[in-house]
Each structure stands twice: as structure tokens, then as C-alpha cells.
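Report on one structure; see the data block that follows.
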Amino acid sequence: MALKLVSRKLGSKFLPMLSSTSPLHSHATSFGFKHVREEEKSQMVGNVFSSVASNYDLMNDLMSGGLHRLWKDRLVSMLNPFPGMKHLDVAGGTGDVAFKILDGISSIKRRANQDPINDHLQEETQIHVCDINPNMLNVGRKRAIERGLGEDKSLIWVEGDAEALSFEDNTMDGYTIAFGIRNVTHIEKVLAEAYRVLKHGGRFLCLELSHVEVPVFKELYDYYSFSVIPAVGELVAGDRDSYQYLVESIRRFPPQEKFASMIADAGFQKVEYENLVGGVVAIHSGLKI
Amino acid sequence: MYRTAALARRLLSGATAGNNSNSRIRYLNHRTTVIGSRYCTAVNNNHSFPQSIFNQNQTPRANLEFPNQSESTSSSNWSTSSTAEDGRQRQERQRPRIEYQEQQARVLEASLHHVLRLGWSEEAMIAGARDVGVSPSIVGSFPRKEAALVEFFMDECLQKLIDRIDSGEELQNLVPSERISKLLKIRLEMQSPYISKWPQVLSIQAYPSNAPTSFKQRAMLVDEIWHAVGDEGSDIDWYVKRTVLGGIYSTTEIYMLTDSSPDFRDTWAFLDDRVKDAFDLKKTIQEAMYMAEAVGAGMGNSFQGFVRRVFQR
């Protein structure tokens with residue numbers, strides 16, 4: 001306990017701006033640590049992702065030491081995909097999560113040979129990949145072709161806004177959003193939309209960079225985030241500001257408990273979260289009944 | 001504690017019986033209590049989710065069984081992590097929270113129909129979810145998937161057994177050893193429809209992550225049977241009795257797997273023999289103890305006599 005207090009004090013000295021909290025419902029929203037007008041945020045986020053799209057995967061690997069693949073694997077294994085599933089992956093432009101889900105379903109298909117009912121269901125599988133940014137979607141389409149999935153009918157690429165989805169009510173079995181919800185202007189709206197499109201029994205899963213509370217590790221992580229990542233971003237992608245925004249937006253994101261209660265307020269039940277690597281990322285899940 | 005919960009439940013179902021018009025709905029609620037909270041085994045065991053924050057196992061049960069206490073329960077759950085206002089918001093969500101366990105139970109029950117075809121597997125649960133018109137995604141919300149199905153079945157069997165015990169007429173004129181074999185037979189007959197897939201159950205239960213729950217469920221079963229036999233003792237014998245009965249149950253269960261005689265006739269003969277053995281063993285031990293006492297007393301006397309003679313001299 002004392003250790004925690006000390007670390008918190010150190011933390012607040014070390015990064016005075018971190019402790020300042022601002023209500024989420026203000027007209028001036030946050031872009032990293034900067035306050036910007038709501039209308040500007042989506043455009044600024046759009047610029048960030050347009051500029052990093054080409055190096056996105058390389059940078060993810062560099063920044064997370066390859067761990068982001070394992071995190072996404074964990075997300076998909078928690079989702080428990082099944083043949084005939086209608087899934088919506090929001091902010092998944094590069095298709096990482098969508099490919100993993102497809103793999104998961106086809107491996108289930110292999111295991112489920114004894115159930116003849118599943119055979120025709122395999123054809124009905126639909127994975128919608130929705131992203132607000134066309135550049136990211138293009139990266140995903142290219143990678144689908146590289147993987148030999150270019151002709152796969154179950155992958156559907158959609159350009160759309162997570163706050164106003166173009167899908168009907170009660171149509172999706174699953175909803176995932178990996179490293180995306182941090183970048184939206186209104187988290188509540190995104191959650192409400194997720195709740196709307198999901199079927200009864202459908203699940204919401206969110207993989208997001210979150211808050212580390214483990215004392216010494218927290219200091220290390222902060223140093224890494226604020227000193228190493230922007231430098232690497234400048235070196236590899238030639239874009240310091242985008243990565244500065246990345247680490248700042250992580251600190252702006254509501255902590256695990258708070259975000260979980262936001263999910264519950266959107267109407268989800270059985271809201272749970274799991275911290276990975278001491279809270280560097282967290283997977284939140286909710287069930288619509 | 002377990003008995004008390006059972007009593008409360010029975011009272012609840014008694015109230016239901018008086019009100020036939022909406023007994024169907026009540027029945028569902030009632031079942032949720034059974035599965036979700038009474039044993040806290042089947043649906044709610046969040047081994048792999050250490051931070052399951054909105055699902056304190058006790059909350060739904062408190063709401064169902066003691067409606068007037070729900071306020072205090074929920075606010076105490078929340079006092080640690082939220083303000084009073086938050087607590088009130090959560091309060092509004094108390095009622096629907098019971099729903100998801102209800103849905104999960106419905107899915108599990110429907111899944112049992114697919115077990116013979118698909119085994120105790122995720123596929124069976126997916127098929128079950130489709131049957132009740134819920135998205136199969138819900139299967140992902142069971143942390144230990146097929147173990148949840150197995151545990152649900154075990155809980156249900158135990159519940160049926162308790163109901164049979166409480167109805168009571170079959171056991172009236174039997175001596176304890178016959179009662180025990182009768183009860184074990186009733187319980188084992190419940191799993192006979194699934195016998196071709198039963199080895200899978202045993203392997204699922206033996207998984208390190210599932211073993212504690214399955215052990216607990218077996219202990220409850222054995223305990224319930226001893227209660228039905230009328231054993232209220234609490235001496236060292238208590239453990240011996242439960243261990244022996246647990247052993248008989250498990251061996252018979254395994255014997256049953258390879259029994260191809262019509263109606264498992266061999267199994268029931270085997271069961272009767274084992275129960276008889278156990279009671280014989282108890283007698284043998286008692287006789288041995290009497291004997292030892294007698295011998296001890298005799299030895300003591302002759303030793304005393306010997307010493308006396310030595311000192312007299």
C-alpha cells in the first residue's frame with residue numbers, strides 16, 4: 001500500500017499532466033493531452049492513421065515486441081468463433097483480427113467433422129471489417145490477397161464510422177474492436193451502437209491499451225512510452241507526432257474499472273475484463289441478453 | 001448451509017405451486033437460483049477471469065430469495081469501487097443481471113440434447129444455443145466451456161436426487177445398506193443415457209482446472225446420501241463414511257462404463273456387493289476393536305498378576 005502511494009507520488013511528479021482528469025462529455029474533447037474541438041478530433045485521428053497506415057504493422061511489432069499478435073490471439077480465443085458466425089470487427093482495417101477469426105473458424109470446422117449440420121454453415125460465415133479510414137482498409141485488402149483470401153466471400157470490407165454503424169439491429173453474433181475505441185470521439189456512442197447491432201447472446205469484446213498500476217513496472221512503462229516510442233516512430237516511420245499522440249491517447253483512455261462500468265451502462269451484462277502484461281492492454285467483454 | 005439453501009428454495013417453489021397462472025416464469029427464476037448460485041459451480045466459476053467485477057455470485061441469489069435485502073447486498077458490493085450515485089445506477093441493472101444466468105442455463109439445458117451426437121463439447125453447446133434462439137456467441141461467455149455443461153448436468157442430477165429423497169416413499173422400509181445402494185442406483189441411472197459419452201465427462205472432470213468443482217460436487221452428493229440414510233454423526237467416522245461411499249460411487253461409475261448387460265444388471269449387482277462389503281468391513285473393524293479391548297484387558301490382568309507375584313516375593 002505504502003509502495004503504491006509512493007509510486008503514485010513519483011508518478012505525479014514525473015508526469016504532472018497525467019493526473020489531470022477531464023470529464024469525457026465536454027465539447028472540447030481530447031487529442032492526446034491536447035484539448036481540441038469535437039469536430040476536429042476525428043479528422044486529426046484520421047490524419048494520424050493515414051500517415052501511419054503503411055508502416056502500421058512494422059511499428060506494432062516494434063513497439064510491442066511482437067506481443068500484439070499474442071494479444072489478438074487471446075482476443076479471438078475469448079471470442080470463441082464458430083461456423084456460420086456473423087461478426088463485426090470495428091477499427092480492424094488491417095484485417096489482423098478478422099484473419100485470426102477466419103482461421104479459428106476453419107480449425108473448428110476441422111474438429112467438427114462429425115456434425116454434418118455445420119457444413120453448410122461454413123458458407124454463411126461473414127466477417128465484416130469496418131474501418132473509418134480507407135487507407136487502413138486498403139492495407140487489409142492487400143494483405144487478404146497476399147494470404148490467398150482475396151476471393152473469400154466471408155470477408156467483407158466496409159468503410160464506416162463506429163459511432164453510426166450501417167448495420168441493422170440484432171444482426172451480429174460478435175463485435176470486436178482492437179486498439180480502436182481509444183481513438184473515437186464518443187465512447188458511449190460506440191458502445192450503444194455495438195449493443196444495437198448485436199443479437200441476443202452476442203458478445204462485445206474490446207482489446208485496448210490500458211493502464212498499468214504495478215508500481216515499478218509502471219515507471220518503466222511510462223519511460224518507455226514517452227521516451228522510446230516517439231523516438232522509434234520518428235526513426236522508422238518518420239512521424240514523431242503520430243506516435244506521441246498514440247502514447248498520450250493511451251493515458252487519456254478511462255481506466256479498466258471505469259471503462260467496464262461504461263460497458264455495463266450501455267446495457268451489457270457479465271461485464272468482465274482481463275489485464276494482459278500487467279495492464280498494458282486489457283480485454284473487456286460484455287454479453288448482450 | 002447447503003441444507004438451509006435447499007430449504008429456502010423449497011419454500012420458494014412451494015409459493016410457486018400455489019400460483020399456477022405464472023408458474024412457468026417463476027419456474028425459470030427458480031431454476032436460475034438452483035444453477036447459478038446454490039452451489040456456485042456450474043455457471044459462475046470464473047477461474048480464468050480474476051477481475052470479474054459485476055458478477056458477484058451472491059448478488060442474484062440475494063435478490064431472488066430475500067428480495068427485501070437486495071438493497072443492502074448490492075450497495076455493499078459497490079461501496080468499495082463506486083460512489084453512491086454509481087451504486088444506484090447499478091441497482092437499476094440488478095434485475096436484468098439475473099437474466100444472463102437464466103439464458104446460460106437455458107442454453108446448457110438445450111445442449112444436453114446434443115450430447116449424444118456431439119459429445120460434451122462446444123459443438124453441442126453451439127447447437128443448444130441455436131435451439132433456444134440465442135446467438136451461439138454466448139458459448140464464449142462460459143469460461144470453462146464444456147466443463148460448464150458437465151457441471152450443469154451434475155447439479156441437475158443432484159437436484160433430481162434430492163427431490164426423489166424428499167418425496168420419500170421409496171426409502172421408507174429399507175435398512176441403511178439397502179438405502180445406500182438404492183440411492184446410488186437412482187443417481188447412476190440418471191447418467192445411463194449418456195453412458196457412451198461418459199468417459200469424456202470423467203476426463204473433463206479430471207482436468208486440473210475442473211477438478212476442484214467436480215470433487216466438491218461429488219462430496220455434496222455423498223453428503224446428501226448420508227443425510228438421506230439418516231446419519232447425523234459428526235465424529236471421526238464422518239470422514240471415513242464419506243470416503244468409503246465416495247469410493248463406492250466412483251468405482252461403480254467406472255464399472256458401469258464397460259457394463260454391457262441389459263439394464264446394467266451387472267453394475268447393480270456389483271454395487272450391492274460393494275455396499276455389503278463396506279458394511280461388513282465396518283462390522284469386522286468393530287469386532288476387531290472389541291477383540292483388541294478384550295485382549296488388552298486380559299493382558300493387563302495377567303501382567304498385573306505377574307507383577308504382584310514378583311513383588312510379593
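Chain letters run A, B, ... following the sequence lines, proteins first, then strands; residues in each count from 1. Hydrogens, waters and symmetry mates are skipped; everything else that's a heavy atom, side chains included, is used.
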Legend entry - Value rounded to 0.5 Å, distance of NZ in K288(A) from CD in Q103(B):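 Reported value, rounded in 0.5 Å steps: 12.0 Å.
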Inset, instruction - With rounding to the nearest 0.5 Å, note down the distance linking CD in E102(B) to CD1 in I289(A). - result: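 The CD atom of E102(B) sits 9.5 Å away from the CD1 atom of I289(A).
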Legend entry - S137(B) and its side-chain contact (heavy atoms from CB on, under 4.5 Å) partner, picked from Y175(A), F82(A), F204(A):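 In the set Y175(A), F82(A), F204(A), the residue that makes a side-chain contact (heavy atoms from CB on, under 4.5 Å) with S137(B) is F82(A).
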Inset, instruction - Using the side-chain contact (heavy atoms from CB on, under 4.5 Å) rule, take H200(A) and I138(B) through it: C-alpha gap first, then chi angles, then the decisive distance, then the call. - result: CA-CA 9 Å; H200(A) 297 284; I138(B) 198 172; over 6 Å; no
Inset, instruction - Measure from the side-chain N and O atoms of K270(A) to the backbone N and O of Y100(B), and report whether any donor-acceptor pair falls under 3.5 Å. - result: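 No, K270(A) side chain to Y100(B) backbone: no donor-acceptor pair under 3.5 Å.
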Inset, instruction - Please check if the side chain of R203(A) supplies one atom and the backbone of G140(B) the other of a donor-acceptor pair under 3.5 Å. - result: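 Yes; judged by distance alone, with no hydrogens or angles, the pair exists.
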Legend entry - Closest heavy-atom pair and its distance - R130(B), P83(A):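 Between these two residues, the closest heavy atoms are NH2-O, 3.1 Å.
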Inset, instruction - Compare all side-chain heavy atoms of V134(B) with those of K199(A) and state whether any distance is below 4.5 angstrom. - result: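 No, side chains not in contact.
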